[in-house]
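To keep things clear, I will list the structure first and then write my remarks on it.
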Amino acid sequence: MSGYLLEGKDLTKEFPAGKNKTVHAVSKVSLGLVEGETLGLVGESGCGKSTLGRMMIRALKPTSGEVFFRSRPLTAMSGKEFAAVRRSFQMIFQDPYASLDPRMTVRDLIAEPLETHHICSGKKEITERVLELMDAVGVPGDFLYRYPHQFSGGQRQRIGIARAVAQDPEVIVCDEPVSALDVSVQNQILNLLSDLKRKRTLTYLFISHDLSVVRHISDRVCVMFLGKICESGPTGEVWAAPAHPYTSFLLRAVPKADPKERTDASLLLTGEIPSPIDPPTGCRFHTRCPFAVKQCAEEEPPLRTRGERTVACHFPLDRNGT
Amino acid sequence: MLNHILRRLLQAVLVLALVALLIFLMLRVVPGNPIATMMGEHVDPAVIERMTSELGLDQPITVQFFRYILDAMKGDFGTSYSMGKPVDGLIRTAFPNTLILALCAALFAWVMGIICGTVSAVRKNSVLDRLFMGFSLLGVSVPVFMAAMMLQYVFAYHLHWLDISGVKNWKSFILPAVALGWNSAGSISRLVRSTLLEILQADYIDTARAKGRGQAGVLIFHAMRNAMLPVVTMMALQLSSLLSGAVITESIFAINGIGRLAVQAIEGRDIPLLQGTALFSTALVILGNLAADLLYGVLDPRIRKES
Amino acid sequence: MPDNDPFRKKENVSGQAGDRLPEPDGFRSIVKRLAGENKLAVFSFAVILLFVLAAVLAPVLTPYTEKQMDLRHRLSPPSPEHLFGTDEGGRDILTRMLFGSRVSLLIGVVPSLVSMLLGAALGIVSGYAGGKTDTVIMRLADLMLAFPSMLLAMVIMYTLGGGLMNIFLTLSLVNWAGVARVVRSETLRIIKTEYVEAARITGVPGFRIMLRHILPNCVPTMLVLFTLNIPSSILTESSLSFLGLGIQPPDASWGLMVNTGRQFLYSAPWLSLIPSAAIMAIVLAFNFLGDGLADVLDPYRKNQ
Amino acid sequence: MHNILEVRHLSAGFSARKSEVKAVDDVSLLVPEGKIVGIVGESGCGKSMTARAVMGLIRYPGRVISGSVLLDGRELVGMPEKEKRALRGSKMSMIFQEPMTSLNPVMKVGRQVEEAIRIHEKVSREEAAHRSVEILTSVGVPEAEKRCLCYPHQLSGGLRQRVMIAMAMILDPRLLIADEPTTALDVTVEAQILQLMRTLSSGGTGILLISHDLGVIAQVCDHVYVMYAGRIVESAETAELFDRPLHPYTRGLLNSVRSLRGGGDVLDTIPGVVPNLMRMPAGCGFSPRCLECREECVRDVPRLVDEGDGHLIRCFLYEGEAAE
């Protein structure tokens with residue numbers, strides 16, 4: 001079948017929101033991860049990227065659609081069958097303050113996946129393994145019996161990463177792993193993630209709102225808007241010549257750290273992100289898109305493939321950005 | 001909004017029905033024939049039998065329950081064994097006294113609680129704060145009967161300012177209401193203080209100050225309304241403890257209220273009366289909770305829109 | 001779960017954890033912080049210990065027994081022989097107080113413990129399981145909370161009769177619902193945290209999540225509830241006994257002593273005043289301790 | 001040019017157990033009329049505390065320890081609270097990072113916007129309501145009249161921040177302090193709000209913008225102050241600072257900026273972590289993380305010296321040169 005390690009097909013997730021209302025968090029999205037790559041998932045708040053990421057590793061049950069892991073249907077598995085492959089998936093969270101149980105020591109935190117998956121047994125062996133992992137993520141072994149609150153944000157995130165790689169997973173979903181950290185610490189964590197990926201042959205699904213982070217870390221990127229993927233392709237190419245107007249505006253809106261490159265006001269998007277409770281018809285971006293015509297409001301654009309890149313737009317931009 | 005009210009109302013009715021069932025069952029667990037227990041040992045068994053069948057007590061328990069519920073819906077709670085009068089009539093005469101007592105106590109508790117709590121929060125760690133909080137904790141810790149007896153002893157027995165017991169005029173309610181409300185005042189003032197302290201740390205308080213609001217303005221226009229939200233919930237819960245406390249205050253001050261009826265019912269082993277008073281008090285609490293719930297919706301726009 | 005706003009905490013996160021952050025609540029650190037910050041709570045703890053000691057050593061501390069009548073010395077005021085005087089049966093009040101403190105302390109601790117364990121278990125299961133289990137447990141709790149507690153206790157005591165065991169049962173029944181509610185809402189907060197999600201994704205079984213992640217994080221709340229339930233149980237018992245529905249004479253209970261002393265309120269006020277004061281003192285001590293614990297254990301209040 | 005805000009040698013902090021902790025140490029800065037001045041720094045560097053000190057809104061137990069704050073030449077430190085209150089909201093105002101929690105949740109938006117007018121001027125409710133609709137429209141809130149009747153939770157994040165700005169600008173203050181105004185917003189909305197800031201400053205308002213994001217600073221500021229561990233370590237015109245960063249911290253910060261165009265495999269980092277207020281290093285605050293740290297850096301605090309053209313720098317690497 002497809003060459004994907006992990007593949008989501010037509011994934012949809014809806015949440016009830018009060019009476020007769022539904023939040024269309026993710027609508028019929030297909031996504032594939034190639035073994036050993038980092039796939040970036042980009043979008044603004046409420047676009048459904050975290051929901052999609054969680055569905056991919058069955059941390060969240062999709063309303064409809066299926067996920068395949070090595071061509072086996074993950075979503076259709078019974079609890080028992082899933083328990084056997086569960087070891088292959090892990091997640092790194094955004095908030096290093098909320099993602100570590102405040103009442104557990106570093107040792108117990110990192111040991112939990114080891115114990116759950118019976119990777120090693122015996123107190124001594126587990127402790128040794130935990131120390132190895134701490135070393136691998138750059139947390140000094142002296143801190144074995146400390147509690148999370150005794151660490152800085154960056155160090156906590158390192159502990160979270162150690163916990164995630166402890167069970168030797170194949171796929172790790174990274175949900176905004178650096179956005180809660182200080183600028184000067186963010187890069188340390190990003191370097192650590194790259195380093196671990198190289199040493200342990202991991203596959204990352206990297207969720208972020210920060211376009212520069214995604215540019216740096218991911219091989220391919222998917223841009224989401226309001227529960228839909230509007231564009232995907234190799235990160236360098238997409239960033240250099242976005243085909244979807246939304247991607248292009250998104251890239252332009254990023255405040256560049258160079259006073260000579262100030263954003264031109266006329267190139268900014270106007271208005272707000274529409275509500276996922278009642279998303280626009282046709283192309284979901286058409287209410288904000290300056291190029292929208294009647295067709296955009298009526299017809300949903302299909303995902304078109306051009307080589308390695310896909311775009312969901314009736315009138316994709318060409319290389320010159322028109 | 002209307003939908004919300006209806007749903008809450010339905011829930012309340014359901015809880016009430018379950019409460020009725022529970023009370024009914026609990027009181028039927030008592031071993032022996034209640035009529036026999038009540039009348040004593042030297043009564044002709046035939047008389048007991050006749051009364052038992054007259055009151056329908058020889059029927060299966062399910063039939064008894066449904067008959068009770070049907071009658072209760074018509075306002076008929078049966079006849080008191082010990083007083084020989086219809087229970088609903090007894091409750092109807094007793095209710096105004098309990099209502100006045102509870103309302104006065106609640107008023108006392110709310111006014112005292114909110115004032116002391118607010119002052120304590122604003123003047124945190126001052127002498128006044130410590131004084132008020134000491135009083136509040138004392139209020140929470142003093143048993144109702146102790147407060148009642150002390151007040152009786154000092155103001156009625158020693159100073160002769162007020163009556164020792166019985167209901168003669170509005171002044172008769174002062175001591176019982178204070179004794180009863182004392183406890184709630186303590187809990188409310190403690191809650192108001194801690195809520196206000198938390199709210200005064202909120203970002204929107206900074207915004208208000210940045211606009212040029214002074215301390216009083218910040219308190220009145222921004223902090224108080226937000227602080228009232230948990231207090232409203234608390235007040236509803238207090239209603240239940242006020243009714244509990246009324247049992248004791250009414251006995252001590254000899255006020256003919258629901259609580260005293262309940263005590264008399266127990267002393268007379270009078271099941272219909274106990275059943276009636278317990279059900280009635282519970283209905284009051286449920287009603288109070290419902291009111292608090294709706295009031296909360298009015299005070300907090302976030303809840304209002306979601307429902 | 002819908003998307004979290006990714007920017008939410010961006011700058012709130014301070015660089016390095018420092019001494020101001022709360023320590024994990026090990027027993028020793030709680031005691032240390034209590035001692036450092038809330039002298040009153042420590043004092044209260046000492047008072048409670050004193051009461052406990054008095055209750056345990058009651059037979060050694062007094063030459064009289066609790067039921068021993070002496071009709072020649074009825075209603076005698078406090079004197080060197082009878083420090084707190086005697087009651088209408090000529091029984092030594094101090095002795096009855098000492099034996100009564102056993103009842104009060106037991107009444108305080110046993111039902112609070114039972115209701116806390118029951119309430120916590122039901123609360124955690126209710127919050128974690130959700131759905132029908134949750135609905136059933138919470139409706140049941142609503143039911144218990146809708147009763148004015150005094151009346152519920154009265155109905156139960158009426159059915160079961162007075163006596164220590166029945167009071168235990170009654171108070172446990174009255175109190176579990178409140179605990180269950182608080183623990184459930186705490187559980188709901190905790191299961192939304194990322195660390196529980198992390199455990200789920202790792203594949204930690206539900207039972208283990210409840211035991212290792214949710215329960216330990218509920219402990220501070222439970223501890224505070226426990227210390228605050230004790231005084232309220234003591235108060236309810238004394239009220240029940242006051243109404244004649246609790247401990248039955250000739251056993252001693254503070255509430256009962258107030259009740260019997262009531263008829264002599266104007267001639268021999270010490271009869272009801274002394275036990276009242278004792279109730280107040282122990283309740284006050286527990287409340288102070290509970291307050292101190294809440295201050296120390298609640299990270300929000302601590303940061304103020 | 002006229003300076004709306006002049007901060008001189010300001011120190012602020014709070015008393016902990018035995019010692020005094022300075023969160024802001026000897027900070028001096030200027031905000032000229034119609035300019036946007038930025039303070040950039042990481043968490044705990046004292047930038048928010050500086051802003052609050054200017055407004056007189058430092059939370060207990062914090063306080064201003066020494067120094068002076070001049071608003072249009074009037075000294076604010078030590079001014080009676082009543083007079084200061086008259087200035088807040090009319091002559092100077094502030095917007096905060098979290099538009100959600102910074103608006104009163106149980107009060108309608110319109111009431112909150114017009115509140116400042118009702119406090120500082122004697123006008124009718126109608127007049128105040130009319131003016132609040134006007135200002136909301138001018139900061140880009142569509143259908144302003146309808147929004148006035150909404151509660152904050154019914155608005156999106158971007159709109160809420162616009163409401164905050166309208167609230168701050170309604171009396172046309174001389175000085176606007178914006179504490180991380182775009183941190184809680186999405187990129188496309190952030191760009192709009194930054195644009196709005198530029199428009200406001202061109203109307204003559206002086207803006208003090210506080211941010212941790214060098215991108216935001218580069219986009220809108222005319223002058224930048226870099227803060228680290230409570231002190232200003234470098235200050236220059238924006239273009240100059242980004243062209244010729246001198247302080248090792250500023251250089252590190254600029255190096256760790258990731259480009260959208262991609263770059264090498266390994267990102268540049270500043271080693272170590274941001275220092276804790278309670279455990280500040282004795283000498284230069286940056287010394288434990290500095291690769292060029294010398295003996296005197298650990299011991300003494302360097303002075304702020306002028307490297308030419310008003311480019312100020314607090315580092316021993318340059319202090320020597322300046323002395324020679």
Side-chain angles (χ1 to χ4, degrees), chain B residues 1 4 114 118 120-126 129 192-233 292-307, chain D residues 48 51-52 54-61 81-109 111-121 149-154 160 163-164 167-168 170-171 173 176-179 184:
Chain B
M1 191 67 197
H4 179 65
I114 291 174
T118 309
S120 284
V122 173
R123 299 260 171 274
K124 193 187 166 194
N125 291 336
S126 68
D129 175 25
V192 168
R193 179 179 184 268
S194 67
T195 316
L196 257 187
L197 281 180
E198 204 180 305
I199 282 173
L200 289 174
Q201 300 280 315
D203 290 346
Y204 57 82
I205 296 297
D206 280 335
T207 311
R209 292 183 62 202
K211 281 185 217 171
R213 276 268 186 234
Q215 206 181 30
V218 164
L219 203 65
I220 295 165
F221 294 101
H222 294 276
M224 272 323 247
R225 187 158 168 203
N226 284 287
M228 279 307 113
L229 295 176
V231 175
V232 165
T233 317
D293 216 48
L294 299 179
L295 186 61
Y296 199 99
V298 172
L299 283 176
D300 191 345
R302 285 164 294 187
I303 305 284
R304 204 184 311 161
K305 290 294 163 184
E306 271 162 30
S307 56
Chain D
S48 288
R52 283 174 175 272
V54 172
M55 287 296 287
L57 291 180
I58 296 184
R59 279 181 184 170
Y60 181 86
E81 179 64 21
K82 207 172 168 197
E83 284 175 50
K84 236 192 278 184
R85 209 189 297 157
L87 294 177
R88 267 186 231 135
S90 63
K91 292 282 175 264
M92 58 178 179
S93 53
M94 181 162 176
I95 54 179
F96 301 89
Q97 174 179 349
E98 288 280 349
M100 182 70 235
T101 54
S102 299
L103 289 166
N104 189 339
V106 299
M107 203 168 168
K108 281 179 185 158
V109 164
R111 294 288 294 276
Q112 297 193 50
V113 174
E114 69 198 39
E115 198 179 357
I117 308 184
R118 310 264 296 155
I119 295 171
H120 295 284
E121 293 176 11
L149 301 176
C150 288
Y151 287 97
H153 71 276
Q154 294 165 305
R160 275 185 224 132
V163 169
M164 283 296 292
M167 231 155 71
I170 193 158
L171 289 175
L176 174 68
I177 299 178
D179 187 359

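The structure presented is a predicted model; accordingly, all values stated were derived computationally and were not measured. Numbered from 1 within each chain, the chains take letters A, B, ... in sequence-line order. The figures here come from the full heavy-atom set of this structure, side chains too, leaving out hydrogens, waters and symmetry mates.
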Most contact-rich option vs chain B, by heavy-atom pairs under 4.5 angstrom, among D/Arg85, D/Lys84, D/Met92, D/Glu81, is D/Arg85

For the pair B/Gln201 (side chain) and B/Glu198 (backbone), establish whether a donor and an acceptor sit closer than 3.5 Å, ignoring hydrogens and angles.
no

Using atom types as modelled and distance alone, determine if a side-chain donor or acceptor of B/Arg225 lies under 3.5 Å from a backbone N or O of B/Leu299.
yes

Using a 4.5 Å cut-off on heavy atoms from C-beta on, say whether the side chain of D/Val163 contacts that of D/Leu103.
yes

In chain order, what residues pass the salt bridge (charged side-chain N to carboxylate O under 4.0 Å, His left out) check against D/Glu114, with sequence neighbours excluded?
D/Arg125

Chain B contact via D/Arg52 - side chain, backbone, both or neither, heavy atoms under 4.5 Å
side chain

I need the residue from D/His120, D/Met100, D/Glu115 with the largest number of non-hydrogen atom pairs under 4.5 Å to chain B.
D/Glu115

Count the heavy-atom pairs under 4.5 Å between each of D/Met55, D/Gln112, D/Arg59 and chain B, then report the option with the highest count.
D/Arg59

